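Shown next, in structure tokens, is the structure this report addresses.
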There are 2 protein chains.
Amino acid sequence: MSDTHGTVTIRDVSRRAQVSMSTVSRVLNGTVPVAEATRSRVLKAVAELDYRPNAFARSLATNRSGGIGVIVNEMTSPYYSVMVSGVESVVEAAGMHILVASGKADAAFEQRAIENLRSRRVDALVLHVEALSDDAVLELMAGDLPVILVARHIAEAGNRSLSIDNEFGGRLATEHLLENGHRIIGHLTGPLSFPDSRARLQGYRQALVAAGVDYSDELVIESDWLEEGGYQAAQRLLRRRPDITAIFAGNDQMAAGVLQALREAGRSIPDEISVVGFDDVLFARYLYPSLTTVRQPLQEMGAAAARLALSALNGKEVEVRRRFEPELISRQSVRKL
Amino acid sequence: MSDTHGTVTIRDVSRRAQVSMSTVSRVLNGTVPVAEATRSRVLKAVAELDYRPNAFARSLATNRSGGIGVIVNEMTSPYYSVMVSGVESVVEAAGMHILVASGKADAAFEQRAIENLRSRRVDALVLHVEALSDDAVLELMAGDLPVILVARHIAEAGNRSLSIDNEFGGRLATEHLLENGHRIIGHLTGPLSFPDSRARLQGYRQALVAAGVDYSDELVIESDWLEEGGYQAAQRLLRRRPDITAIFAGNDQMAAGVLQALREAGRSIPDEISVVGFDDVLFARYLYPSLTTVRQPLQEMGAAAARLALSALNGKEVEVRRRFEPELISRQSVRKL
DNA sequence: TTGTACGCGTTATCAC
DNA sequence: GTGATAACGCGTACAA
């Protein structure tokens, strides 16, 4: 009826159902068995009064917020938002929620974001931090707040760190080109300060060697993950080695720049030059030609991280994969030689 | 030193600073002036003990969570995430945080999402809901929780609803094509059940008429916002009117499908046919040719919504723009005839 | 300007 | 299986 006369509390429910507040709490939380008759009486009162538990009071009593903190570089990025959505699906299903903060791949930002989420009293943290040092991360993990590390391998973090096999991904991309008959394959890396860049480069190199193709520094250019960087690097590569027949870009954004540079140079794709990207971001399929790339299972990794976080909370051990393997997505930007 | 022996509370600080708990509270919240000497003594104690206020207790006492709820169709969408980031920047600057939930453009989902955020006790709600009826929205807004409506105009919502002038956007796109000499201009709409679709169509029509070009149903096809839909609709359009020289797609995703269909039909873009999209999502610039489109000021609108929400909380009136105007972003997909 | 004492709504502990 | 009651940590009248 009239729910305007102040807030309905558990005490009101208890009075109406003629039981103690404790019993109401038990019915609602299902912690301890309650006689069926009492139970339904309580539920009836709850419905009639339209009672909603006060999350603040509950949190104060349990010292749990029901929130999981998530940190990624940039939540607007199509790349990270997929990971976040993986976390969310699991967390949501557990009746909890997520709080997202941006780290901007900057140590100070990341530190601040962590502090921020802590002050909000999140129950656990899922971190994708790129700038923070291993030591800082480990120190955080030593605290009492459960922390799960995503897309980053730190040996000392044990089973609390999930990672992607970037080396394997680099191999996948390169092997795909080799299998299509390519022998002169350029590679654009992200900044080599990123472990991901180095691992992908390593995979590229391994695949070449395994196929009996000599590795050459001349074919590798360090770039910056960005479209413009890919554009310029591709131009340099074309000047250095006009005989190149394929380019493996370290991410899709650089690949977009590569496509543009090739078009401007009058090289048709994939007829004259093939291109492979990395990430499989949303726009990869919209590029022209649609981009063959290496997909990272970000959604799955986010979900696994969430499961680990929840398990750390309820104490139940859970089996999740800790090393994720990328997958080749074949589209139109590669052609058989 | 040792911060492992239990939690530091405001009582510990008060004892150490030789003041009452109230005084500590005052210093921390700056509600009431405190003598400078006392103040610095308190701050010193806070620092020494590394005291962090308990957000739960604070919320229980103030009945404020510091959280602003945000609902969008899909938070992974590059489109909506921009709006969310607009909200976040303002909310964050105010020392608060956001909670995001997905509405999936489905009334039941939207209702559930709202209920969910309410149970988390958010202090205000920023809503981008497409399926929920006007009545349901108005009923919600009649409650005690401040609600700001985004990208949706409901007259009865008064100054709590922000909207984009889609009609103007449709005019912009069409006028741009007209100015470039085009006369036979097709238009692909989203589902006409969406007010946005109808408004953009209306703008298209107005621009034609204003330029003395007859409007023809034959040139308009209702589609579904999706790439595949745009692809098929473009094919139909080409069959109906092979003499068409330009297509205005109701959003960028359909425009991507249009580009593909045109390529397959052997019509070069923009030499034979020009294309304009709507939204300016992230991938618009990566399409080939890069897409001329109509940008929606989503970031700004999100920020304005956040400011309104905060103003509703602290009672201070604030001036914000309530009607937003889209803007033409000229790229490579349109050519002068 | 500062201190005292109570209330916020729930869960947990202990008794019955 | 159920009830009484003491925390939980902070804000805030009210008093001094």
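Each chain gets a letter, A, B and so on, in the order its sequence line appears, and its residues count up from 1. This is a predicted model, so every value here is computed, not measured.
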_Main-chain N/O of R64(A) paired with R58(A) side-chain donor or acceptor, under 3.5 Å_ = no
*Are any of T23(A)'s side-chain N or O atoms less than 4.0 Å away from OP1 or OP2 of dG3(D)?*
yes
*Can a salt bridge be assigned to the pair R112(A) and E115(A) using a cut-off of 4.0 Å between side-chain N and carboxylate O?*
no
*Decide yes or no for L298(A) and I164(A): does some side-chain heavy atom of the first lie under 4.5 Å from some side-chain heavy atom of the second?*
yes
*Is any side-chain nitrogen or oxygen of S25(B) closer than 4.0 Å to OP1 or OP2 of dG11(D)?*
yes
*When only distance counts, do a donor and an acceptor, one from the side chain of T31(A) and one from the base of dT11(C), lie under 3.5 Å apart?*
no
*To the nearest Å, how far apart are R52(B) CZ and dG9(D) C1'?*
16 Å
*At under 4.0 Å, does any side-chain N or O of N29(A) touch on OP1 or OP2 of dT11(C)?*
yes
*Which sits closer to the 5' end of DNA chain C, A61(B) or T38(B), going by the nucleotide each is nearest to?*
T38(B)
*Taking OP1 and OP2 of dG11(D), is either one under 4.0 Å from a side-chain nitrogen or oxygen of R58(B)?*
yes
*asked:* From the set dA13(D), dC10(D), dT2(D), return the single nucleotide nearest to any side-chain atom of A35(A).
replied: dT2(D)
*Rounded off to whole Å, could you give me the CG-to-P distance for the D12(A) and dG9(C) pair?*
9 Å
*Taking R152(A) for the side chain and V129(A) for the main chain, is one N or O donor matched with an acceptor at less than 3.5 Å?*
yes
*Does the side chain of S20(B) get closer than 4.0 angstrom to OP1 or OP2 of dG3(C) through an N or O atom?*
yes
_Residue whose closest nucleotide on DNA chain C lies nearer the 5' end, I10(A) versus R26(A)_ = I10(A)
*Nearest whole angstrom, please: distance from the P of dA7(D) to the CG of N63(A).*
17 Å
